[in-house]
Chemist: 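Got a structure for you, written out below as structure tokens; questions coming shortly.
Note: hydrogens, waters and symmetry copies are ignored here, and every other heavy atom, side chains too, is used. Everything quoted here is computed from the prediction, not taken from an experiment.
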Amino acid sequence: MSPENGKHLPESDATGLNLKETELTLRLPGETRGDIEIKAKSGTKRGFSQIIDLNHDRSSDVHEHDDRGCDKLENETLALQPPAAKAQIVGWPPVRGFRKNAMKSFKFVKVAVDGAPFLRKLDLELYSSYQELLCAFDNMFSCLTICNYLNEKKLMDTANGVEYVPTYEDKDGDWMLVGDVPWKMFVESCKRLRLMKSSEAIGLAPRTPQQSASTS
Amino acid sequence: MNYFPDEVLEHVFDFLTSHRDRNAVSLVCSLWYRVERFSRQRVFIGNCYAISPEKLITRFPGLKSLTLKGKPHFADFNLVPPDWGGYVQPWIEALAKSRIGLEELRLKRMVVSDESLELLSRSFANFKTLVLVSCEGFTTDGLAAIAANCRFLRELDLQENEIDDHSGHWLSCFPDSCTSLTSLNFACLKGEINLASLERLVARSPNLRSLRLNRAVPLETLQKILMRAPLLVDLGTGSYVHDPDSETYNKLKTTILKCKSIRNLSGFLEVAPRCLPAIFPICLNLTSLNLSYAAGIHGSELIKLIRHCAKLQRLWILDCIGDKGLEVVASTCNELQELRVFPSDPFGVGHDAVTEIGLVAISIGCPKLHSLLYFCQQMTNAALITVARNCPNFIRFRLCTLDPTRPDPETMEPLDDGFGAIVQSCKFLRRLSLSGLLTDQVFRYIGMYAEQLEMLSVAFAGNSDKGMLYVLNGCKKLRKLEIRDCPFGNMALLSDVGKYETMRSLWMSSCEVTLWGCKTLAKVMPRLNVEIINEHDQMEICPEDGQRVEKMYLYRTLVGPRKDAPEFVWNL
């Protein structure tokens, strides 16, 4: 799975720290470099490479299942990462696990499926990509499976062959097709989800498999 | 002493409420020991592995109230792997088999299963109080058993437990005949609640004085409940969200005016700040306010709320209150005794975090302050010295800089002198947690001045064994010492082995202690359990004595190595 938002691991370059201007940064739309600088202030910690559990911005869960002991080279490479990669020391700050989990942000939204009498709810903060969201739909609605051959983001009811396209209502009250904007932007603006029958989504849903530049 | 019949001695002992006093009394002579043990009803066991349930039952046949603690404190911060231990099942089994008429059970950091709860609920006809703090291993099915079978249940208090929520029906398991509830706290449950059952339960509980709801209880239900329970003293709201122009909200405003007894307020797990004015009328009477889970209240709304709470003695808050907000607390809450400021962003950089400025303001405005837990962006020696001077009454002082080795940002010095001032000024200090850049010097101060210190938590501090030695030698009343990521090794560990029998426990992780050091200590001190926690494969195959030990936990015990230790825990 390719990382979100076009983040790349930079070439290993020990002088990278001096080249701030050309440094790749993880930036959300609208964020300025100044914002990144503020985050950088308490960023680099020296001497904790054995115990750091580098936990990236959730948009890439590439390292989520790593052992706690990352090897040193990996640490140094990642230390050149944009400051948005937050370094965590295990067990610090000393806050009870229950409280830490409670302070995690939730974003529960209602999910409606055309034709189904009951709605469901899911927490968008649990997922870091559209692909994961589709998997969540797949799990939540047992009759639906993903058919996402070329980034179309569709689901199909295997029993009757009906195709569904995920749509969402945004903050302005408009109904939008899921998948156009970066994941985080979507989470921020999504108020509710609706799996709409493809047949009704004429004009909205992709007709044929398209080459899509958007990330999954 | 021989002239008094036992009953008189017993009556005198009745006046001794603290465990320590009763323990002391039992040491005077065998007659007093005997009288004391037959009349003892409440027992506190700080480490469930220090003694066996059978020995407890033998000594105190009149036991009615038991408090047990399981896992080491650092388990709260994910430093102890799951399945480490701390099971309550053997205790409940042993008590159930005996003739003990258990009425109260309070557990902290223990593993509690549904089976345990079921057994508990069926074994003690007069069971009244269950308090579970930071426990895990059970589901709402276990709660259902408690609700259904404990006919005279008064308190069910669940604080910050990891409970598998199978939703809804457990509340309905309280029979209609159950009318004895005085305290119900299920704020930590994550699932749905049968609201109708809850309302009926409250309606038939005339003695209910403490009620803390979970997120699933909406504002409409809160209003109906308050109508039924106007004598509540302690309230934890669930979801506090509604349209402030609605009829429901107006009803709530009127209902709250009748709740003149509320002194403790908490909750607001979900909150619509525009609905806060409904609670302003009761704020003046509040002595305790816990907004540490109320991430939805900040900025000017938070400050407006605080300004109404002039009589607060205890305040738990998030650091998004900022230094400015703390200044408002300082000017409003002059009776404040306990303050806890939690990080609102425990994973992040904390733009909103508080600094030394807020703490100094508090120390000026709140001279009665004696308990502090303060997560902050930074701290200075000057500030700590000022705080020490303004508040000499600290009993608990726990400071946590979000960057654990941050020096004084003004001078770039370690925070040794600041903490030194605290221990020197606060002669009654019993609990201390340090953070920031710290050298051996801070431990020298602690050893010299912290005469009443019982619990010390240290992380990323010190330069050499001397640091730990200062503490072990100087703090005569030390009971619990927990250390992580410090350069303390075998020399410090082995310098005064007898000391550990005067303490409850010692935790050392990511220090310089080696397997040899731990083995040596274990050999010399048979009445200590010296446990090593191995999470990595390296140790399993060919553990060399010279190898550093990742995690060591030692504690005094009367019953030898525990039999329920998992594979990754070695008792040396």
Side-chain angles (χ1 to χ4, degrees), chain A residues 26 31 34-59 64 66-71 82-108 118-123 125-126, chain B residues 73-80 109 133-136 159-163 187-188 190 215 269-270 292-295 316 318-319 342-351 353 373 375-378 398 400-406 433 435 457 459-460 482 484-485 509-510 535-538 550:
Chain A
L26 236 195
E31 219 174 47
D35 295 343
I36 308 290
E37 304 274 311
I38 292 171
K39 280 184 201 168
K41 257 198 186 151
S42 38
T44 35
K45 298 177 188 2
R46 293 155 297 277
F48 297 130
S49 44
Q50 281 89 23
I51 46 178
I52 283 184
D53 178 11
L54 280 164
N55 183 21
H56 293 249
D57 236 2
R58 286 212 208 93
S59 52
E64 201 131 79
D66 265 359
D67 286 339
R68 248 180 252 137
C70 298
D71 72 80
K86 304 166 188 171
Q88 276 184 109
I89 299 165
V90 175
W92 199 269
V95 174
R96 222 173 238 174
F98 181 89
R99 184 178 285 280
K100 263 193 173 152
N101 291 335
M103 294 312 295
K104 269 198 231 168
S105 45
F106 302 85
K107 176 80 193 243
F108 275 101
F118 297 107
L119 277 62
R120 301 292 304 269
K121 256 192 173 168
L122 53 73
D123 177 7
E125 291 284 352
L126 290 179
Chain B
H73 176 230
F74 276 178
D76 276 350
F77 318 133
N78 287 344
L79 291 181
V80 174
R109 276 190 292 273
V133 179
S134 206
C135 295
E136 46 155 359
Q159 299 176 31
E160 300 192 330
N161 302 290
E162 293 293 348
I163 306 174
C188 63
K190 306 232 172 71
R215 204 184 271 262
L269 310 168
E270 268 176 13
S292 65
Y293 285 99
W316 290 22
L318 291 170
D319 64 3
F342 292 96
S344 48
D345 184 11
F347 299 101
V349 173
H351 300 162
L373 172 61
F375 286 84
C376 56
Q377 181 82 293
Q378 64 184 48
R398 297 195 277 163
C400 178
T401 52
L402 292 171
D403 173 351
T405 56
R406 186 141 191 215
S433 298
S435 66
S457 308
F460 303 102
E482 46 188 27
R484 64 165 291 186
D485 295 278
S509 61
S510 305
E535 290 167 281
H536 307 293
D537 295 329
Q538 308 140 346
E550 231 348 270

Chemist: Backbone N or O of B:F342 within a donor-acceptor pair of the A:R99 side chain at under 3.5 Å?
Modeler: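 Not confirmed, A:R99 side chain does not pair with B:F342 backbone.
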Chemist: Identify which part of B:S457 has an atom lying under 4.5 Å from any heavy atom of chain A, answering side chain, backbone, both or neither.
Modeler: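 Nothing of B:S457, per the 4.5 Å heavy-atom cut-off to chain A.
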Chemist: How many angstroms lie between atom CH2 of A:W92 and atom CG of B:L79, to the nearest 0.5 angstrom?
Modeler: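 The distance works out to 10.5 Å.
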Chemist: Heavy-atom distance under 4.5 Å to chain A: side chain of B:L318, backbone, both or neither?
Modeler: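 Answer is side chain: those atoms of B:L318 sit under 4.5 Å from chain A.
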Chemist: Non-hydrogen atoms of chain A under 4.5 Å away: do they reach the side chain of B:R215, the backbone, both or neither?
Modeler: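 Answer is side chain: those atoms of B:R215 sit under 4.5 Å from chain A.
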Chemist: Counting C-beta onward and ignoring hydrogens, is there a side-chain heavy-atom pair between A:P94 and B:F74 closer than 4.5 Å?
Modeler: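 Not touching, per the 4.5 Å side-chain cut-off.
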Chemist: Between B:S134, B:A295, B:A75, which has the largest tally of heavy atom pairs under 4.5 Å with chain A?
Modeler: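 That would be B:S134.
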Chemist: Passes side-chain contact (heavy atoms from CB on, under 4.5 Å), B:K190 versus A:N101? Steps please.
Modeler: CA-CA 11 Å; B:K190 306 232 172 71; A:N101 291 335; 5.5 Å; no
